[in-house]
**Q** 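I'd like to ask some things about the structure below.
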Amino acid sequence: MIKDDIIEELEQIPEAKLVELYDLIHYFRLGLLSEQDSKIDKTLCLQTLAKVKRGDMTDFTEIDDVDAHIAALRNEVN
C-alpha cells in the first residue's frame with residue numbers, strides 16, 4: 001500500500017528535518033484543497049522530497065524567514 005511506502009520513506013528522514021517535511025506536506029495538502037481539479041505530478045513530488053532530504057529548501061520562497069517559521073510551528077505543536 002502507498003501509505004506504507006510513504007511511512008518507510010519518512011523513517012529515513014533525519015529527525016531534524018521532520019518539521020520542514022511537515023511544512024511541505026501541510027502546504028501541499030492545502031494546495032490540493034484549493035485546486036480540487038488539479039493533477040498531482042508524481043515526479044515533481046518525488047524530486048521535491050529528495051530536495052528536502054538533502055536540506056535544499058531553495059524552492060520554498062513563500063516563507064520569508066524559514067527559521068522563524070519553524071520556531072512558530074514548534075511553538076504551535078508544543
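No hydrogens, no waters, no symmetry mates; every other heavy atom, side chains included, goes into these values. These numbers come from a predicted model, not from an experiment.
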**Q** Using side-chain heavy atoms (C-beta onward) and a distance below 4.5 Å, is Glu9 in contact with Asp5?
**A**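 Sidechains of Asp5 and Glu9: no contact.
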**Q** For Ile13, check side-chain contact (heavy atoms from CB on, under 4.5 Å) against everything at least two apart and list the hits.
**A**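 Counting only residues at least two positions away or on another chain, Ile13 forms a side-chain contact (heavy atoms from CB on, under 4.5 Å) with Leu10, Lys17, Leu18, Leu21, Lys53.
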**Q** For Ile7, check side-chain contact (heavy atoms from CB on, under 4.5 Å) against everything at least two apart and list the hits.
**A**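 Ile7: side-chain contact (heavy atoms from CB on, under 4.5 Å) contacts with Glu11.
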